[in-house]
Amino acid sequence: MAEVTRKSLTGVLKTTADLLDLLGQEAFRAQAYRSAARSLEATDSDVADLLSSAFAGVPKVGKTIATDLLAFAGTGTFAPLEDAASQVPPGVLGLFRVRGLGPKKIRALWDAGIDSLETLREACRDGRVASLKGFGAKSAASILDAVDFALAAQARQHLSTSLDISEALAGALSGLDPHSSGDAGRGLDTADTVRLTVTGCAAEVQARLAGVAEALDAWEDGPGLKGRVDGVPVEVACGPAETRGALDLVYDGSLSYVQAMQAEAAARGFELTGQGLRRGGVLVPTPTGADVARELGLALRPPEYREPEHDGLWEALPAADELVTVQDLRGLLHTHSVWSDGAATIEEMAQQTLRLGHSFLGTGDHSRAAHYANGLSIERLRAQLKEVRELQAAGLPLVTGAEVDILDDGSLDYPDDVLAELDYVVASVHSLFTLDPARQTERLIRAASHPLVTILGHPTGRLLLRRPGYAMDLDAVLAACEASGTVVEINANAYRLDLDWRHVLRWRGRLTFAINTDAHVPAGLADTRYGVAVARKAGLTPAQVVNTLEREEFLAFVSRQRAARL
DNA sequence: GCCGTTTTCGGCCCGACTGTTTTCAGTCG
């Protein structure tokens with residue numbers, strides 16, 4: 001079997017929890033597996049250490065779960081999951097990906113003979129769902145929408161998943177010059193297949209990947225292999241050094257860009273394929289993509305700019321070496337701590353920020369309306385400010401902030417005099433996602449125009465592959481940000497990536513952005529790489545990203561922003 | 001199932017919203 005990862009450990013725990021809920025077991029038992037998964041996500045220890053210490057000291061992982069997880073690492077079988085799964089048809093588990101369906105409703109559907117996303121879609125259409133007890137016409141319609149979303153999403157992975165797998169494969173292929181290709185290589189927010197290119201032959205790739213990928217098979221057309229890692233489809237394309245440039249270009253994509261390049265090549269009497277660049281059937285050596293472009297007399301687009309949205313636009317965008325990088329980010333803003341729903345102290349988060357090479361941390365815990373997230377009352381916020389001042393006195397570079405809930409009417413969850421005590425303010429929506437579009441737009445415009453709001457947090461509320469953003473007039477909200485000088489967040493959490501790069505691309509030059517991790521654990525502070533991928537696809541330079549400023553410059557920026565609104 | 005103990009078992013986050021009901025169950029953040 002493939003090696004256990006943090007993701008495979010937390011995956012079996014979460015799936016077990018879902019199944020126990022579905023089987024009607026005591027809710028707290030399922031919750032225990034979920035808590036254990038969350039705890040494993042939050043711990044900083046690597047998987048090897050966790051296993052060798054038998055999970056000693058990991059909160060929420062007791063004797064039973066620790067023993068079962070160790071057995072899973074050895075045998076690939078997690079006993080509680082096997083037990084539960086044997087009682088449930090495999091397709092039923094997929095129903096947990098449908099928004100609005102929980103264990104009780106899924107159980108009701110299963111009892112009615114609906115046991116997969118496909119059969120659920122049919123049952124929504126033919127009226128069976130609407131006629132079930134506890135369901136109705138409105139439920140059936142919203143479930144159908146959610147099923148279509150889930151079916152479309154199931155073939156794709158988050159950028160973080162794709163890059164994790166890509167890097168694991170690259171490690172196994174070291175020496176063959178592995179290159180992250182395909183959607184993830186271009187920094188796209190989601191990817192269908194994880195693709196790599198290497199210099200070498202298929203037999204060597206196959207030998208290297210034994211034990212890393214499963215179900216490895218040679219391609220039928222051309223040199224390469226396909227297989228799966230953690231259930232995710234992977235493809236490795238390979239070839240000799242003299243065709244590597246063509247290989248990279250073709251497998252990097254996008255499809256429309258490659259087809260355009262192939263058409264340009266044909267117009268010049270060449271044939272461009274993954275097997276190389278040929279003229280009159282004779283191979284033209286092209287070790288790099290730049291060589292291909294030079295032979296064809298074309299400019300080579302940076303991989304970031306190869307989507308259809310960049311057509312006719314990319315030449316006016318900054319060159320790749322001018323785009324913002326993770327190293328350019330000085331401050332990590334909008335972060336959580338144990339004060340609300342984070343898993344680490346402010347001090348631990350700040351230390352990790354410095355270890356990653358950034359220069360300051362901005363606190364950003366939840367405000368009082370966020371009960372579920374242990375949001376801070378005004379009294380607790382002031383106590384937190386006192387702690388921050390002590391940490392600052394001890395030499396930690398911090399700025400104070402909060403992620404303040406935008407209330408029903410667009411007002412904020414703390415009064416102005418409290419907001420004014422903070423160095424910066426992120427305003428975010430965490431409630432009333434289904435407000436009618438006109439009211440939602442009005443609500444967000446009001447919040448974005450508030451004189452003390454520094455940054456509008458995760459502006460659309462989307463969760464990639466899970467739910468679309470709230471219905472509203474996004475351009476009207478972004479125009480309000482432009483008018484009031486409010487910074488727009490690029491939430492770097494790989495499950496959000498909100499604002500979407502396509503909107504950032506459209507609004508670049510008119511807005512200032514912040515690349516924020518929204519980290520709840522120290523490891524989450526490294527999510528900057530995903531937010532930076534968004535910014536690069538949108539052509540952003542460091543000057544357009546507010547948290548490339550050093551601490552004092554950032555504080556001065558906020559002062560100017562506030563002064564301009566008086 | 002985990003935790004913290006009154007060391008043997010009770011408590012584990014909860015308010016708001018939605019669509020279904022006919023007073024509330026289920027889901028979400």
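All heavy atoms count here, side chains included; hydrogens, waters and symmetry mates do not. Below, chain A is the first sequence line, B the second, and so on; all start at residue 1.
Between A/H430 and A/H371, the distance separating the two ring centers is not shorter than 6.0 angstrom.
Within a 6.0 Å sphere centred on CZ of A/R466, heavy atoms belonging to other residues, nucleotides or ligands number more than 12. Heavy-atom contacts from other residues, nucleotides or ligands closer than 6.0 Å to CZ of A/R439 number 12 or fewer.
Between the C1' atoms of B/dC17 and B/dG10, the separation comes to 31 Å (whole Å). As rounded to the nearest Å, B/dT6 and B/dG1 have C1' atoms that lie 22 Å from one another. B/dT20 and B/dA25 have their C1' atoms separated by 9 Å, with the value rounded to a whole Å. Nucleotides B/dG26 and B/dT21 have their P atoms positioned 12 Å apart, rounded to a whole Å. Taking atom C1' on both B/dC2 and B/dT8, the two are 14 Å apart, rounded to the nearest angstrom. Comparing B/dG11 with B/dT5, their P atoms sit 16 Å apart, to the nearest whole Å. If you take atom C1' in B/dC13 and the same atom in B/dT27, they sit 15 Å apart, rounded to whole Å.
Between A/F554 and A/F360, the angle of the ring planes lies from 30° to 60°, which puts this pair in the tilted group. Between A/H366 and A/H520, the two ring planes are tilted [angle within 30° to 60°].
Of the candidates B/dT27, B/dG29, B/dC17, B/dC17 carries the atom nearest the A/L432 side chain, counting heavy atoms from C-beta on. With B/dT20, B/dG26, B/dG1 as the candidates, the nucleotide lying closest to the side chain of A/K138 is B/dT20. Ranking B/dC12, B/dG26, B/dC28 by closeness to the A/E26 side chain, first place goes to B/dC12. Listed nucleotides B/dT18, B/dT27, B/dG19 differ in distance to A/S139; the shortest reach to its side chain belongs to B/dG19. Distances from the side chain of A/T64 to the nucleotides B/dG29, B/dC2, B/dG26 place B/dC2 closest. Distances were taken from every side-chain heavy atom of A/I65 (C-beta onward) to each of B/dT27, B/dG15, B/dG1; the shortest belongs to B/dG1. Comparing atom distances between the A/R29 side chain and each of B/dG1, B/dC28, B/dG15 picks out B/dG1 as nearest. The side chain of A/T434 sits closest to B/dT18 out of B/dG29, B/dG26, B/dT18.
For A/A140 and A/F28, each mapped to the nucleotide of DNA chain B holding its nearest heavy atom, the one lying further toward the 5' end belongs to A/F28. When the nearest nucleotides of DNA chain B are assigned to A/I106 and A/Q31 by heavy-atom distance, the more 5′-ward of the two goes with A/Q31.
Across all strands, A/A17 comes closer than 4.0 Å to no nucleic acid atom at all (heavy-atom distances). Within the 4.0 angstrom heavy-atom criterion, no nucleotide atom of any strand lies near A/P80.
Counting to the nearest Å, the C1' atom of B/dC17 and the CG atom of A/L407 are 16 Å from each other. With rounding to whole Å, A/F55 atom CZ is found 13 Å from B/dC3 atom P. Separating the CG atom of A/D21 from the C1' atom of B/dT27 is a distance of 12 Å, rounded to the nearest angstrom. Look at CG on A/L101: it is 14 Å from P on B/dG19, rounded to the nearest Å. Between the CG atom of A/L22 and the C1' atom of B/dG26 there is a distance of 14 Å, given to the nearest Å. Put simply, CZ on A/R97 is 17 Å from P on B/dT27, counting in whole angstrom units. B/dG29 atom P lies 15 Å from atom CG of A/N491, rounded to whole Å. Rounded to an integer number of Å, the gap from A/H336 NE2 to B/dG29 C1' is 13 Å.
No side-chain N or O of A/R128 forms a donor-acceptor pair with one of A/T119 less than 3.5 Å apart. Side chain to side chain, A/H450 and A/D416 meet the donor-acceptor criterion of an N or O pair below 3.5 Å. Judged purely by distance below 3.5 Å, without hydrogens or angles, the side chains of A/E403 and A/S428 pair a donor atom with an acceptor atom.
No side-chain heavy atom of A/H458 sits under 4.5 Å from any side-chain heavy atom of A/N493.
Close to B/dC2, at under 4.0 Å from its OP1 or OP2, lies no side-chain N or O of A/K60. The side chain of A/R467 contributes no N or O atom lying less than 4.0 Å from OP1 or OP2 of B/dC28. In this structure, A/S35 does not reach the B/dC12 phosphate: none of its side-chain N or O atoms is under 4.0 Å from OP1 or OP2.
No option in A/R97, A/R107, A/R34 other than A/R34 meets the salt bridge (Lys or Arg N to Asp or Glu O under 4.0 Å) test with A/D18.
Of all the residues in residues 107-133 of chain A, not one reaches under 4.0 Å from DNA chain B with any non-hydrogen atom.
Pairing partner, B/dC12: B/dG1, with both Watson-Crick or wobble hydrogen-bond distances short of 3.5 Å.
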